[in-house]
Amino acid sequence: MRVLVVGAGGVGSAAAGIAARRSFFSSFVIADFSLDRASRAASVDPRFVAEQVDASSASDISDLCRRHAITHVLNAVDPRFVMPIFQGALEAGASYLDMAMSLSHPHPTSPYQLPGEKLGDAQFALASSWEDAGLLALVGIGVEPGLSDIFARYAADHLFSRIDEVGIRDGGNLVVEGYEFAPSFSVWTTIEECLNPPVIWENGDWHTTVPLSEPEIFDFPGGIGPVECVHVEHEEVLLIPRWVKAGKVTFKYGLGSEFIEVLRTLHKLGLDRTSPVRVGGVEVSPRDVVAAVLPDPATLGDKMTGKTCAGTLVRGLGLDGSPREVYLYHLVDNEWSMREYGSQAVVWQTAVNPIVALELLASGAWRGSGVLGPEAFDPVPFLDKLVEYGSPWEMREGAV
């Protein structure tokens, strides 16, 4: 396996640190628009090579793949670059993995009732091209989406005879010392998913609702405790129903009241917009400005304390036909991830999953072609491998 990682930010660098301990690949190229940043990420292992690339250019991606005879491309940049990387990999004859799917576009007249172009629609529209080429595009294989979807498939295969609801619930108690406001993940992506109309799967179809709506208190394990969670747009709701039969699928994020208020203020001021505005003699994207003035999440690990939890709540009938409710989850303590890998908890938790998936693809434990989500594969090899990596998953039985 010859791997190209596009993006040497927090997640890409964390993925490099995790892969450095494994031997399933013969070549590992890390590429970024900044060659210096790619070189820093590649310095963790003498087997790694750094390259410069323009992630917005499909031809740049395909040329780089051909130059290094790449077999698998891992996309570790913002979702606005999904399609050129996706297309560049296909053109070069390489399989593809990402952790966030192609962007959505709200319904033009009823954005809070009906979906427009959904997350991943642009990728699924090209599924036949990937199938014809005998190549795999494994989409949404981070932690959420990714591990959360695998939990849903595991519940369907091994725990339930009927699933009434799958609810992804993400929360944490991470604190960054010295900052009044410092998101632990890409603020560009966070604004995108939190302020777009959230999608819900219900009664055999998708519909949308108002962003940050239907707050609920969810009691997270690992000492995190109760956190207010709200609806946000997320890929699991678009992926899980394609492979797992469930009456309802939702995603709620434990943002906390302060973060929610900041997001609402950004929206009121138009600072969530991606289209450029003229300031003096230059044009800038308001969202890019917000991202530029906030600290880089990848640099916050040594100032951060607490844990992050990603998990999947499943309700329905157990294998014996009686009502059952479980929460399958994965915890990462920032102190542990910094000590073991030098990466803060949120980016490490995201990065470990595509590396596990790559290893399963290299061994043949997972195989397929076309555009597939994590739910399309046997979950057991993945969950076993996660334990082998030293970061086990857990399950809580009973009502929250």
From [X] [atom1] over to [Y] [atom2], what is the distance, rounded to the nearest 0.5 angstrom?
{"X": "His72", "Y": "Leu135", "atom1": "NE2", "atom2": "CG", "answer": "9.0 Å"}
{"X": "Leu147", "Y": "Ile168", "atom1": "CG", "atom2": "CD1", "answer": "9.5 Å"}
{"X": "Ser56", "Y": "Ile61", "atom1": "OG", "atom2": "CD1", "answer": "8.5 Å"}
{"X": "Leu136", "Y": "Leu97", "atom1": "CG", "atom2": "CG", "answer": "6.5 Å"}
{"X": "Asp333", "Y": "Arg339", "atom1": "CG", "atom2": "CZ", "answer": "8.0 Å"}
{"X": "Gln123", "Y": "Met83", "atom1": "CD", "atom2": "CE", "answer": "6.0 Å"}

For residues [X] and [Y], determine if any side-chain heavy atom of one lies less than 4.5 Å from a side-chain heavy atom of the other.
{"X": "Glu214", "Y": "Lys252", "answer": "yes"}
{"X": "Ile70", "Y": "Leu64", "answer": "no"}
{"X": "Phe259", "Y": "Cys194", "answer": "no"}
{"X": "Ile191", "Y": "Leu263", "answer": "yes"}
{"X": "Phe151", "Y": "Ile240", "answer": "no"}
{"X": "Ile85", "Y": "Asp98", "answer": "no"}
{"X": "Pro84", "Y": "Ser57", "answer": "no"}
{"X": "Leu361", "Y": "Met1", "answer": "yes"}

Okay, side chain of [X], backbone of [Y]: is any donor-acceptor separation there less than 3.5 Å?
{"X": "Ser26", "Y": "Arg2", "answer": "no"}
{"X": "Asp170", "Y": "Tyr253", "answer": "no"}
{"X": "Asn334", "Y": "Met304", "answer": "yes"}
{"X": "Trp393", "Y": "Val387", "answer": "no"}
{"X": "Ser363", "Y": "Leu360", "answer": "yes"}
{"X": "Ser337", "Y": "Ser343", "answer": "yes"}
{"X": "Glu91", "Y": "Ser62", "answer": "no"}
{"X": "Thr208", "Y": "Gln113", "answer": "yes"}

So which heavy atom on [X] is nearest to which on [Y], and how close?
{"X": "Arg37", "Y": "Ala8", "result": "CG-O, 3.3 Å"}
{"X": "Ala357", "Y": "Phe382", "result": "N-CE1, 4.0 Å"}
{"X": "Val77", "Y": "Gly7", "result": "CG1-CA, 3.4 Å"}
{"X": "Cys229", "Y": "Phe218", "result": "SG-CB, 3.9 Å"}
{"X": "Ala15", "Y": "Leu74", "result": "CB-CD2, 4.5 Å"}
{"X": "Ile30", "Y": "Ala38", "result": "O-CB, 3.5 Å"}

[Y] reachable from [X] in the ILVMFWY side-chain graph, under 4.5 Å edges:
{"X": "Leu138", "Y": "Leu126", "answer": "yes"}
{"X": "Ile260", "Y": "Leu294", "answer": "yes"}
{"X": "Val380", "Y": "Leu372", "answer": "yes"}

Does Val44 have any side-chain contact (heavy atoms from CB on, under 4.5 Å) partners at least two apart in sequence or in another chain, and if so, which?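 Listed in chain order: Ala16, Ala20, Phe48.
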Using the test side-chain contact (heavy atoms from CB on, under 4.5 Å), find all partners of Glu165 that sit at least two apart in sequence or belong to another chain.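 With neighbours one apart ignored, the set is Arg169, Lys248, Thr250, Arg315.
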Could Arg21 and Tyr389 be counted as a cation-pi pair, given that NZ or CZ must be under 6.0 Å from the ring centre and within 45° of the axis?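 No, Arg21 does not sit over the ring of Tyr389.
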Show every side-chain hydrogen bond (donor to acceptor under 3.5 Å, both in side chains) that has at least one partner inside residues 146-161, sequence neighbours left out.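 Sorted result for residues 146-161: Ser148-Glu236, Arg153-Asp157.
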For Asp320 and Ser322, what are the C-alpha separation, side-chain angles and deciding distance, and is it a side chain to side chain donor-acceptor pair (under 3.5 Å)? CA-CA 6 Å; Asp320 63 357; Ser322 61; 2.6 Å; yes
Any side-chain donor near an acceptor of the partner, His207 and Glu202, under 3.5 Å: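 Their side chains do contain a donor-acceptor pair, which is all the 3.5 Å distance test asks for.
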Apart from Phe33 itself, what residues make up its hydrophobic cluster, given side-chain heavy atom links below 4.5 Å?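 None; Phe33 is a cluster of one.
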Not counting sequence neighbours, which residues clear ring pair (Phe, Tyr, Trp, His ring centres under 6.0 Å) with Phe86? List them please.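 Testing Phe86 for ring pair (Phe, Tyr, Trp, His ring centres under 6.0 Å), a comparison that skips the adjacent residues, returns Tyr96, Trp130.
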Tyr329 vs Tyr327 aromatic rings, parallel, tilted or perpendicular, using cut-offs 30° and 60°?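 Parallel: the ring planes of Tyr329 and Tyr327 meet at under 30°.
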Using a 3.5 Å cut-off and no angle test, enumerate the donor-acceptor pairs between side-chain atoms of residues 264-277 and protein atoms at least two apart in sequence or in another chain.
residue, atom, partner, partner atom, Å
Thr265, OG1, Glu261, O, 2.9
His267, ND1, Asp272, OD2, 2.9

Working for salt bridge (charged side-chain N to carboxylate O under 4.0 Å, His left out), residues Arg287 and Asp78: CA-CA 13 Å; Arg287 192 185 300 185; Asp78 283 343; over 6 Å; no
Take atom CD in Glu177; do more than 12 heavy atoms of anything else shown fall under 6.0 Å from it?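 Open: at most 12 neighbouring heavy atoms sit under 6.0 Å from CD of Glu177.
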